[in-house]
Every structure is written in structure tokens, then in C-alpha cells.
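A short worksheet on the structure shown next.
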Amino acid sequence: MDMTIRPRRLRTTANLRKMVRETRMDKSSLVYPMFVKDGVNIKEEIPTMPGQFRYSVDQIPEILTEMADAGVGNVMLFGIPEHKDAEGSGAYACDGIIQKALEKAKKEVPDLFYIGDVCMCEYTSHGHCGILKGDYVDNDLTLEKLSQIAVSQVQAGADMVAPSDMMDGHIRAIREGLDQNGFLTTPIMSYAVKYASAFYGPFRDAAGSAPAFGDRKSYQMDYHNRREGMKEALLDLEEGADILMVKPAMSYLDMVREIKDATDVPMAAYSVSGEYAMVKAGARLGYVDEAAILCEMAVCAYRAGVDIYMTYFAKEIAGYMDEGRIG
Ligand code: PBG
């Protein structure tokens, strides 16, 4: 048979397959998202996210140390306050839950890199990501609050802020706030390309942040849209975003690749709560192999162009990298 090119030649042994691997990953690119709530001595499992917990501030050093030991150097913190109000004031209070968590984390486990999620939905009584005017989330009124949230988080010790609100002009507003307070070198990782997604369902259970009425479609994007994602990414870059994020990850890797090719900043993707929950549920039922599935999801995200991968499976993925199963 006359066939000079035989792609299977490069797949004959494990060593060779590893040598010619196109996608290489490193633990330093993993980010672990976690939930901190008001109270003491709390470590409660999140029913829709088995294996993930809500921790009170006193309990966080243990999980942070576990991450550090596993080689996961970056953590993203979400706060669950005891009291919520229409203005989401707990989000920017200097003794707010996230601020207290950041202070504790920086003091007890100082070697990790701490990212604050900048949004209002966990803190507002109505569950929306901004300030309401009637039933509509008012963009420009919200900007001022977002800026305050970001500044308060950095004052409490955040190394980077990550706005997930999807308001127009948010990166500019936050950059100005940080700069005016002297935080010129604190980077912003923008959830620039964030779709209105049912994949956030388990997170909203975890954080008690489901909107009390309506949905988030007047600010988060319609998942039918591709070019709009590019528009959001370019706008946030223009406003000063240092890192761009696509969210969710698994069903949105086309956006990762496209934006990666069109821009020159690091690309992040957030494998969200619904992705985690589906893997856990499928594995529990014996329908899929958990380890195999989560490895594949992770590698495929990197193959699509991800530089920073945010995942509730961060520790597991780090372990599989150590074992040489992936990476
Ligand atoms: C806050 C926020 C959400 C998530 C991250 N930041 C919820 C939402 O937009 O409703 C979701 C993360 C996940 O599902 O794991 N706005």
C-alpha cells in the first residue's frame, strides 16, 4: 500500500504519545473557587455540589492549606452574608464576610494568591447583581458600588479582583476606584464573556443568590451570540481588563479560542457549578467515570486556549497532573 503519511505512527507507545502532546498544563494555572459564610465553626456540604462546602471564616485555613499542599496556588472567594439588603451593603462593608475572610486567609495562609469576586447578587435582598430601579438593574448606579466593593476587597487583602456583574463600563469604574486608592498594580480579571446560563444553578443554591424575580438576561449574555461575546471582550480590554474570562467553560470553548486568537491578554475560563454537579451526579449513578471526565474537560479547555482554569476540581486536577495522567 502506498501511504507515506501514517498519523498512527506517533501514537504507538505511551512515551511517544506524551512526547508529541500539543497541550501542556501546569498547576500554577488552576484557581479554586470557594464559599465563605457568616458564623463560626461551620463546614457544611453544599447539597447540589457534593464534596464542596460552605466554610465559616475560622474554618478556612484548613482548606486553604490543603490547596497549597496540593500545589493549587490561587483561590477565588465568594461571600455568603447573614444579612442582605436592597443596596447589597454587605458586599463593600469593611467588616463584610468576604473582607473578613480575605484578612484571615492572608494572615494564616499568606502564600496563596487571593481573588475576590466582585458582584452584588449574594448580598442583595432581591438577588440581582446590581441596584434596582423599579424592576430593572440600573447600570450606572451599580458601577459606583462595584468600585467600592473592589476597593474594599483589595484593602482587606485581595491580590486581584474579578468582576462578575456584567454591567457596562464596570472595568473602567473599578480601575478608576482602585487607582484613586493607590492600588495601581492590582490586576482585574474580567468575567467579560459571561452568559446567562442554567449551569449556575448549583452555585445559586450554594450562595442563596437566585434572583427573587425575573432572571439575569438583561445583563448576562444570550448564549445564541458569538459576536457579542467578542464585543464584550474587546470593550473590557479597552477599559483596562488585565485578564479576560469566558464563563461557563465546557459549552463555551469556541469563545475561548476565538477571543484568545483576537487578543493578547491571558485567557481564563470558569468551569462552573453546573459542570461540577453534572460530573458528580453522573459518576454517582455510575454513568460516567469521574476522574476520566474531569481530566478530559480540563485538558480540552486548555486545548481551546485557556491559560487560567477555574474549577471546583482544582485539587483533583492537580493530583492527576502529579500522577502524569494529564498535563
Ligand atoms: C456572581 C457569580 C455567579 C457565579 C460566579 N459569580 C452566579 C451568577 O451569575 O448567577 C457562578 C459560578 C458557578 O456557577 O460556579 N454573579
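Side chains are part of it too, since the values below use all heavy atoms of this structure and drop only hydrogens, waters and symmetry mates. Both ligands and their constituent atoms are indexed starting at 1 by order of listing.
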Which of the atoms of ligand 1 are close to D117, meaning less than 4.0 Å from one of its heavy atoms?
6 (N)
Under 4.0 Å from one or more heavy atoms of R204, ligand 1 contributes atoms 8 (C), 10 (O)
Using a strict 4.0 Å cut-off to heavy atoms of Y200, name the atoms of ligand 1 that fall inside it.
8 (C), 9 (O), 10 (O), 11 (C), 14 (O)
Strictly under 4.0 Å, does any heavy atom of K194 approach an atom of ligand 1?
yes
If the contact criterion is a heavy-atom separation under 4.0 Å, does M120 count as touching ligand 1?
no
Could you label the plane-to-plane angle of the F203 and F78 rings as parallel, tilted or perpendicular, counting under 30° as parallel and over 60° as perpendicular?
perpendicular
Check the angle between the aromatic planes of Y312 and Y270 and answer parallel, tilted or perpendicular using the 30° and 60° thresholds.
tilted
What's the shortest distance from atom 12 (C) of ligand 1 to any protein heavy atom, and which residue and atom give it?
F203 CD1, 3.4 Å
Would you indicate which of G130, P202, S273 comes nearest to atom 14 (O) of ligand 1 when only heavy atoms are counted?
S273
Testing the 3.5 Å rule here: is there a donor-acceptor pair between the side chains of Y195 and S251?
no
Kindly check if the number of other-residue, nucleotide or ligand heavy atoms within 6.0 Å of CZ (F183) is above 12?
yes
Protein residue, atom and distance nearest to atom 11 (C) of ligand 1, heavy-atom basis
K247 NZ, 3.0 Å
Atom indices of ligand 1 within 4.0 angstrom of F78 heavy atoms, with elements
5 (C), 6 (N)
Ignoring hydrogens and angles, state whether a donor on the side chain of S56 or D58 is under 3.5 Å from an acceptor on the partner side chain.
yes
Pairing of E87 and K145 as salt bridge, 4.0 angstrom limit
yes
Could you see which bit of Y270 sits under 4.0 Å from ligand 1, with heavy atoms only: side chain, backbone, both or neither?
side chain
Per-atom contacts of ligand 1 with S164, taking only distances under 4.0 Å to non-hydrogen atoms:
1 (C), 2 (C), 6 (N), 16 (N)
Atom indices of ligand 1 within 4.0 angstrom of C121 heavy atoms, with elements:
1 (C), 16 (N)
Tell me which protein heavy atom sits closest to atom 15 (O) of ligand 1, plus the residue, atom name and distance to 0.1 Å.
Y312 OH, 2.6 Å
Testing the 3.5 Å rule here: is there a donor-acceptor pair between the side chains of Y32 and Q52?
yes
What do the steps show when you test I259 against M230 for side-chain contact (heavy atoms from CB on, under 4.5 Å), and what is the final call?
CA-CA 6 Å; I259 293 164; M230 182 62 72; 4.0 Å; yes
Does F313 form a side-chain contact (heavy atoms from CB on, under 4.5 Å) with V279? I'd like the steps, not just the answer.
CA-CA 10 Å; F313 283 122; V279 173; 3.8 Å; yes
